[in-house]
Amino acid sequence: MGGAVGNMVRTAAPSGQHILKGIPASPGVAIGKAYVLSVESPSITHERIEPSAIVDEVAQFRRAIETVTGELIHAVELARTESSTVSTIIESFQLIVADPTIINNIVRRIEQGTSAEAAVVNEFDIHKALLYNAKDIYLRERALDFEQVKERLLSVMRNNELWHAAAYDSILVAGSITPHDMLLFKQTRTLGYVTEVGGINSHACILARDLGVPAVIGIRNATGEVPMGATIIVDGFSGVVVVEPDAETLAQYHEKLVRAEEYKTRLGSLIGMPTVTQDGHAVRLVANIDTPEQVDVAVMQGSEGVGLVRTEYLLIQRGRYPSVDEQTEWYRDIAHRAFPLPVTFRAFDVGSDKFREGIPHHEDNPALGLRGIRFLLYRPDIFRCQVCAVLRASAHKNVRLMLPMISVMEELEQARYIIEECKHTLALDGVDFDPRMPVGMMIETPAAAMMADSFAKHVDFMSIGTNDLAQYALATDRTNELVADIFDALHPAVIRMIAMVVDAGRRHNTTVSICGELAGHAAATELLLGLGIHELSVSPALTLQLKHRIREATLSDSVELTARVLRATSTPEVYALLAGGRS
Ligand code: PEP
Ligand code: MG
């Protein structure tokens with residue numbers, strides 16, 4: 001699945017078929033008519049208003065605030081049944097709309113002779129600009145929240161209501177989309193989303209996944225490239241959007257859709273069934289989670305544990321480094337919900353495109369800077385707090401700790417030293433913890449992959465982070481839509497590195513799993529089996545699809561296919577082999 005067109009760059013085929021490449025944001029395939037939300041907004045007049053018009057303009061603004069507040073309350077209600085993540089996001093919109101400083105500033109501007117529309121634009125643009133200049137990518141992406149609330153207020157003031165029902169059964173193509181609109185479009189059975197705004201942390205990404213709607217983001221000028229009403233295909237597995245597909249492509253994707261639908265109906269019956277290939281090769285499926293609630297979903301879907309807790313989400317939620325007690329409570333909650341299944345807490349992967357609090361100064365290349373373990377060793381106080389909290393949560397022996405972004409042996413040695421120090425302190429304080437808590441490492445830098453043979457002797461497990469491994473191996477920023485056509489974990493260089501790591505693990509009897517997006521990539525399952533991977537960690541929503549694919553495969557065919565893939569020299573060649581392998 002996912003494949004033959006998986007790595008194509010923008011081309012115009014003679015038939016009129018037009019392929020756009022973006023960032024895969026939510027898995028699945030959608031075929032339908034495009035409903036394009038135009039990004040043009042009428043210009044705002046900055047002429048001063050008459051003093052006699054001030055009262056009406058203030059009233060117009062206040063009515064708009066009331067309407068948008070009402071819409072958001074409605075959206076939170078809808079979100080309750082759809083997704084808990086969505087309601088958190090909408091709450092952040094509510095905070096903006098209810099912010100007394102923003103409201104007072106806008107009213108003051110109107111009272112000084114600015115029109116209501118211009119006052120809204122001026123005030124929101126200041127907040128947006130401040131956030132756009134923030135070092136932290138999460139803050140930068142919150143600038144979009146201000147833009148979206150501003151646009152909403154303006155449309156309400158102009159009585160421009162978005163007619164969600166107009167997009168019934170179609171694929172929405174937009175510059176960006178607000179969570180509220182996304183929910184309303186979902187009610188009108190929108191089949192998929194395509195947006196211009198990229199960024200893996202954008203709300204569009206998180207929401208689309210939560211709502212289970214296929215989405216591709218980060219396609220520049222998508223609203224200009226896709227005509228209203230055109231037939232389009234959204235391939236949320238590979239990040240490809242096909243505009244006006246030719247008959248052959250359409251047939252290929254229709255077949256994929258039919259298979260996807262069949263999957264869905266059969267998937268439920270797979271809960272509780274073993275994850276084994278047709279020829280008896282067993283694989284462990286575990287989950288990637290960000291919040292305690294997701295553990296329950298993972299367990300319900302039949303995950304055999306948690307392979308990755310991205311603990312940075314705790315930092316993003318709180319906006320700071322929580323105390324040992326706060327962290328302990330959060331880790332215990334997760335460990336208890338999963339018990340007796342194992343849970344792997346990854347130490348804070350701070351830096352780069354993630355939470356950046358505590359990084360001493362601006363870095364020109366943050367992805368190559370003080371990130372992951374480097375930051376933790378730079379701030380051992382923060383690292384110690386976290387290690388102690390994870391150890392405190394380990395008393396029932398279902399907790400493991402994983403170190404992010406290791407690239408040199410000294411980092412592992414120093415980290416292990418600090419972990420031992422923490423154990424010593426806790427033991428002196430009489431705290432109950434698991435003295436044998438397994439400690440593993442992410443393999444997500446090319447250096448770690450090349451040296452996996454040395455690392456394997458010193459860790460209890462290794463987990464390959466294919467997102468970063470691809471980013472660093474191919475020197476492509478994983479969040480940058482300008483190079484999205486190069487960034488692909490199915491590049492032969494990445495596959496060969498995975499093979500090296502698996503080999504190292506086998507030699508030293510160290511478990512190797514994959515927790516990057518490649519683990520759940522529909523095109524990659526047989527390849528990963530053939531490479532000898534025994535554990536895959538994926539978003540809970542993907543567990544059953546992945547189990548189904550594994551149960552359909554045979555290890556012997558997978559090994560044969562993998563041997564061919566390992567000789568490939570380009571990503572398209574890999575996709576072609578994988579597509580052939582499934583027929
Ligand atoms: C990865 O890099 O593949 C990974 C799982 O870590 P993250 O996506 O959190 O960087
Ligand atoms: Mg990573």
Side-chain angles (χ1 to χ4, degrees), residues 23-27 136-138 141 198-202 205-206 209 239 285-291 294 298 305-317 343-356 366-376 386 400-407 411 440-449 452 461-480 484 487-491 493-495 497-498 501-502 512-521 524 528 533 535-540 542 546:
I23 299 170
S26 176
D136 183 342
I137 189 168
Y138 288 96
E141 283 182 357
I200 50 166
N201 307 307
S202 71
C205 248
I206 303 168
R209 273 197 297 268
L285 295 188
V286 290
N288 290 351
I289 62 137
D290 305 325
T291 63
Q294 284 180 314
V306 176
L308 170 64
V309 182
R310 287 187 167 97
T311 59
E312 312 76 81
Y313 278 85
L314 185 58
L315 307 179
I316 294 157
Q317 251 180 19
V343 175
T344 311
F345 290 101
R346 182 176 69 186
F348 297 136
D349 185 12
V350 165
S352 189
D353 59 328
K354 302 185 177 180
F355 190 79
R356 292 184 53 80
L368 305 180
L370 207 52
R371 185 188 162 183
I373 194 68
R374 301 170 188 180
F375 174 80
L376 297 172
Q386 187 176 28
R400 320 194 302 170
L401 178 65
M402 180 155 71
L403 304 168
M405 276 292 294
I406 298 263
S407 51
E411 291 165 341
M441 66 183 276
M442 295 282 295
I443 301 281
E444 50 186 347
T445 65
F461 60 94
M462 300 193 287
S463 187
I464 307 177
T466 48
N467 311 336
D468 278 310
L469 191 58
Q471 156 162 272
Y472 293 116
L474 300 167
T476 29
D477 179 346
R478 62 195 249 191
T479 68
N480 183 342
F487 175 77
D488 200 321
L490 282 171
H491 187 280
V494 183
I495 297 171
M497 284 192 199
I498 297 173
V501 179
V502 172
V512 175
S513 61
I514 295 192
C515 61
E517 295 302 307
L518 187 67
H521 195 308
L528 300 179
I533 293 282
E535 185 174 298
L536 295 166
S537 193
V538 294
S539 148
L542 297 180
L546 184 54

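Along the sequence shown, the residues carry numbers beginning at 1. Read the numbers this way: they start at 1 and go in the same order the structure lists the ligands and their atoms. Values below: all heavy atoms of this structure, side chains included; hydrogens, waters and symmetry mates excluded.
- To the nearest 0.5 angstrom, I443 atom CD1 is 11.5 Å from I514 atom CD1.
- Checked options R310, R356, R371; the residue passing with D349 is R371 (criterion: salt bridge (charged side-chain N to carboxylate O under 4.0 Å, His left out)).
- With T311 contributing its side chain and R346 its backbone, the two residues share a donor-acceptor pair below 3.5 Å.
- E444 places a side-chain N or O within donor-acceptor distance of the main-chain N or O of M405, the cut-off being under 3.5 Å.
- A salt bridge links R478 to D468: one of the charged nitrogens lies within less than 4.0 Å of a carboxylate oxygen.
- Side chain of S537 to backbone of A287: a donor-acceptor contact under 3.5 angstrom is found.
- Inclusion of E312 in the set of residues having an N or O under 3.5 Å from an N or O of ligand 1 is not warranted.
- The nearest heavy-atom contact from the protein to atom 6 (O) of ligand 1 is R346 NH1, 2.9 Å.
- Looking at N467, its side chain does come within 3.5 Å of a backbone N or O of E517 through a donor-acceptor pair.
- For atom 2 (O) of ligand 1, the candidate residues are T445, D468, L469; the nearest heavy-atom contact is made by D468.
- Counting only heavy atoms of the protein, atom 7 (P) of ligand 1 lies nearest to K354 NZ, 3.3 Å.
- Selection from S352, G465, A489 by nearest heavy atom to atom 1 (C) of ligand 1 gives G465.
- The main-chain N or O of I373 is never found under 3.5 Å from a side-chain atom of E411 such that the two would form a donor-acceptor pair.
- Ligand 1 places these atoms under 4.0 Å from at least one heavy atom of C515: 5 (C).
- Within the structure, ligand 1 has R478 among the residues with a heavy atom less than 4.0 angstrom away.
- Numbered from 1 in the order shown, with element, the atoms of ligand 1 that lie under 4.0 Å from a heavy atom of E444 read 1 (C), 2 (O), 6 (O).
- Residue R310 approaches ligand 1 through these ligand atoms, each under 4.0 Å from one of its heavy atoms: 4 (C), 5 (C), 6 (O), 7 (P), 8 (O), 9 (O).
- Under the 4.0 angstrom criterion for non-hydrogen atoms, M402 is not in contact with ligand 1.
- When the N, O or S atoms of E444 are ranked by distance to the Mg ion (ligand 2), OE1 comes first.
- Atoms of ligand 1 found under 4.0 Å from any heavy atom of M442 (numbered from 1 in listed order, with element): 4 (C), 5 (C), 6 (O).
- Short contacts between ligand 1 and R371, defined as distances under 4.0 Å to a heavy atom of the residue, involve ligand atoms 10 (O).
- With hydrogens and angles disregarded, a donor-acceptor distance shorter than 3.5 Å links the side chain of Y472 to the backbone of A367.
- Within D468, OD2 is the N, O or S atom that lies nearest to the Mg ion (ligand 2).
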